[in-house]
Amino acid sequence: MKSRTKIDALLRSTETGIEVTVKGWVRTKRGNKNVNFIALNDGSTINSLQIVADPTIIAEDVLKQVTTGASIAASGKLVESQGAGQTVEIHASTIEVLGAADPEKYPLQPKKHSFEFLREIAHLRPRTNTFGAVFRIRHAMAYAVHHFFNEKGFYYWHTPVITGSDAEGAGEMFRVSALDPRNPPLTEDGEIDYKQDFFEKETNLTVSGQLEGELGAMALSDIYTFGPTFRAENSNTTRHLAEFWMIEPEMAFYDLSDTMDLAEEFLKYLIQYALDHCADDLAFLEKRLIDEEKNKPAAERSEMSLTNKLRFVLENDFVRLTYSEAIQILRNSKPNKKKKFQFPIEGWGTDLQSEHERYLVEKHFKKPVILTDYPTEIKAFYMRQNDDGKTVAAMDILFPGIGEIVGGSQREERLEKLTGLMDTMGVPQDELDWYLDTRRYGSAPHSGFGLGFERMILFVTGMTNIRDVIPFPRTPGSASF
Ligand code: 4AD
Ligand code: MG
């Protein structure tokens with residue numbers, strides 16, 4: 001095969017006059033009897049490369065097959081472009097059609113398609129400008145996650161996808177079983193006999209790698225996980241997926257305040273990385289948002305452009321306050337007094353809904369907020385119990401437009417306190433004996449948090465539906481492809 005140069009590299013190069021070969025998919029072809037202009041995109045950049053095809057050089061039957069969506073290889077001289085909007089173009093000496101795309105049937109037209117429509121054509125969705133940009137940024141963010149932690153001496157710790165425990169105690173899990181669902185073996189009591197299943201016990205897809213992550217931190221000091229996470233919660237919202245990716249660092253000898261510092265530094269690092277490395281894609285998404293906002297009433301338009309919003313988060317300290325302080329603010333807030341919240345704030349102890357989180361971030365503080373010290377009852381069993389006897393050392397980071405983006409805590413490292421709360425909450429100790437062992441042999445103060453990767457991508461790209469920042473979304477009633 002002929003060596004091929006990626007379009008991103010060509011558009012950056014200053015060298016012209018050389019012979020090159022490019023391969024990609026045709027975005028558009030326009031022109032006339034005398035000359036054709038082909039916009040070619042190969043996914044390496046949002047920008048397409050212009051290929052000038054002279055019908056006296058390129059055969060007519062070849063040009064006929066150069067239609068939107070077709071895959072082609074084009075060779076020719078790289079020259080400075082006369083046209084506006086591009087620095088270089090190729091004057092084609094040969095064009096080979098690798099895969100034609102019947103123009104009568106090709107589902108993508110050179111016009112705007114709705115995101116709902118595009119979700120149904122998984123193979124073409126990433127060929128659009130918007131999704132190309134989103135998925136390139138998604139890649140950059142994943143790379144930046146590893147870079148950040150590697151530089152800090154954290155180890156990438158692989159936790160299992162199939163587990164026998166419910167880390168969050170929420171019970172919203174997908175069962176993993178190799179039994180025949182039509183004819184499962186039964187115990188004497190008529191229950192399904194999982195002893196005869198593949199793992200000889202009940203197993204599920206993981207809802208979090210944290211508990212296994214803690215075992216890593218109790219030996220390697222600082223670890224992080226980054227993997228798929230599954231939740232069978234029936235939340236059909238723009239911020240929930242049944243399969244999402246989570247990053248969970250776990251640090252020995254960190255208290256809650258150290259953990260908040262790390263989380264804030266981490267989020268800012270990711271944003272800075274996107275600004276530094278994804279400028280073209282961000283510029284496209286920013287323009288897309290501005291165009292979209294033109295259709296909205298003035299009052300609903302956002303005050304900041306996408307990149308200004310990203311810079312704003314970088315330049316400001318996150319506000320830190322306790323759950324109790326937040327409840328005070330919410331109780332006295334206008335929407336609460338005017339009964340505008342769907343879930344009114346009754347008093348101390350109620351769980352915060354996303355409408356409350358977004359009020360704090362978007363209306364009251366107008367900055368990212370870290371809420372700490374939540375009531376024990378509304379949080380998980382493993383969080384460290386505060387001396388007041390009613391709160392735990394938890395922290396949630398709330399972002400504008402998103403709500404909760406990070407959830408974390410200092411962990412309860414004292415065995416008696418931990419088992420006491422497990423009993424109160426009805427968390428079975430026998431199943432988690434391996435976890436409790438960390439508190440029996442060389443227990444140490446430690447903390448960690450979880451960042452929802454897709455929620456972070458939502459924030460960075462300015463997309464509004466979490467289904468549109470993952471290539472193959474899984475949501476209630478939907479697991480195509
Ligand atoms: O707050 P969560 O449930 O925390 C944990 O799972 C802890 N074990 C983390 C830890 O301390 N190591 O989830 C963490 C984050 C949320 O803040 C949110 O960003 C994301 O994961 N998340 C989801 N993202 C998409 N779809 C869902 N259904 C999500 N559920 C949680
Ligand atoms: Mg949470």
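Just follow the structure's listing: the first ligand is 1, and inside any ligand the first atom is 1. Quick caveat, the model's predicted, so the values are computed rather than measured.
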Please work out, at 4.0 Å between heavy atoms, whether the side chain, the backbone, both, or neither of [X] comes within that distance of ligand 1.
| X | answer |
| --- | --- |
| Thr229 | neither |
| Phe449 | backbone |
| Phe453 | neither |
| His240 | both |
| Glu454 | neither |

Heteroatom N/O/S of Glu404 within less than 2.8 Å of the Mg ion (ligand 2):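 Given the 2.8 Å cut-off, Glu404 counts as a ligand of the Mg ion (ligand 2).
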
For Phe226 and Phe453, I'd like to know if the aromatic rings sit close, meaning centre-to-centre distance below 6.0 Å.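 Phe226 vs Phe453: aromatic centres under 6.0 Å.
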
Is the Phe131 to Phe115 ring centre distance short of 6.0 Å?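 Yes - the distance between ring centres of Phe131 and Phe115 falls below the 6.0 Å cut-off.
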
With side chains defined as the heavy atoms from C-beta onward, is the minimum distance between Val469 and Ile466 less than 4.5 Å?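 They are in side-chain contact.
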
Would a 4.5 Å heavy-atom cut-off, applied to side chains only, mark Phe449 and Leu262 as touching?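 Phe449 reaches Leu262 side chain to side chain.
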
Shortest reach to atom 15 (C) of ligand 1 by a heavy atom, considering only Gly209, Gly408, Ser235, Gly450: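 Nearest heavy atom to atom 15 (C) of ligand 1 lies in Gly450.
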
Who's closest to atom 11 (O) of ligand 1 heavy-atom-wise, of Arg411, Arg239, Glu248?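 Result: the heavy atom closest to atom 11 (O) of ligand 1 is in Arg411.
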
Run the numbers for me: atoms of ligand 1, each under 4.0 Å from some heavy atom of [X], listed by number.
| X | answer |
| --- | --- |
| Ser208 | 6 (O), 8 (N) |
| Gly407 | 1 (O), 9 (C), 10 (C), 11 (O), 17 (O) |
| Glu404 | 1 (O), 16 (C), 17 (O), 19 (O) |
| Gly452 | 15 (C), 19 (O), 20 (C), 21 (O) |

Can I get a per-line list of side-chain donor-acceptor pairs under 3.5 Å for residues 392-404, giving both atom names and the distance, sequence neighbours left out?
unit_1: Asp396; atom_1: OD1; unit_2: Lys379; atom_2: NZ; d: 3.4
unit_1: Asp396; atom_1: OD2; unit_2: Tyr374; atom_2: OH; d: 3.4
unit_1: Asp396; atom_1: OD2; unit_2: Lys379; atom_2: NZ; d: 3.2

Answer with yes or no whether [X] contacts ligand 1, where contact means a heavy atom under 4.0 Å from a ligand atom.
| X | value |
| --- | --- |
| Tyr382 | yes |
| Met456 | no |
| Met246 | yes |

From [X] atom [atom1] to [Y] atom [atom2], the distance as rounded to the nearest 0.5 Å:
| X | Y | atom1 | atom2 | value |
| --- | --- | --- | --- | --- |
| Lys268 | Phe318 | NZ | CZ | 5.0 Å |
| Leu267 | Gln272 | CG | CD | 13.5 Å |
| Leu360 | Arg358 | CG | CZ | 12.0 Å |

Is the shortest N/O to N/O distance between Ile405 and ligand 1 below 3.5 Å?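 Between Ile405 and ligand 1 (N or O atoms, distance only) the closest approach is under 3.5 Å.
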
Would you say ligand 1 has an N or O under 3.5 Å from any N or O of Arg231?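 By distance alone, the answer is yes.
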
Any side-chain to backbone donor/acceptor pair from Arg414 onto Arg439? Under 3.5 Å, distance only.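 Not a single qualifying donor-acceptor pair exists.
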
Is it the case that the side chain of Glu264 and the backbone of Asp261 share a donor-acceptor pair, with hydrogens and angles ignored and the cut-off at 3.5 Å?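 Here the side-chain-to-backbone pair does not exist.
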
So, are Lys287 and Asp291 salt-bridged, with charged N and O less than 4.0 Å apart?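 Yes.
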
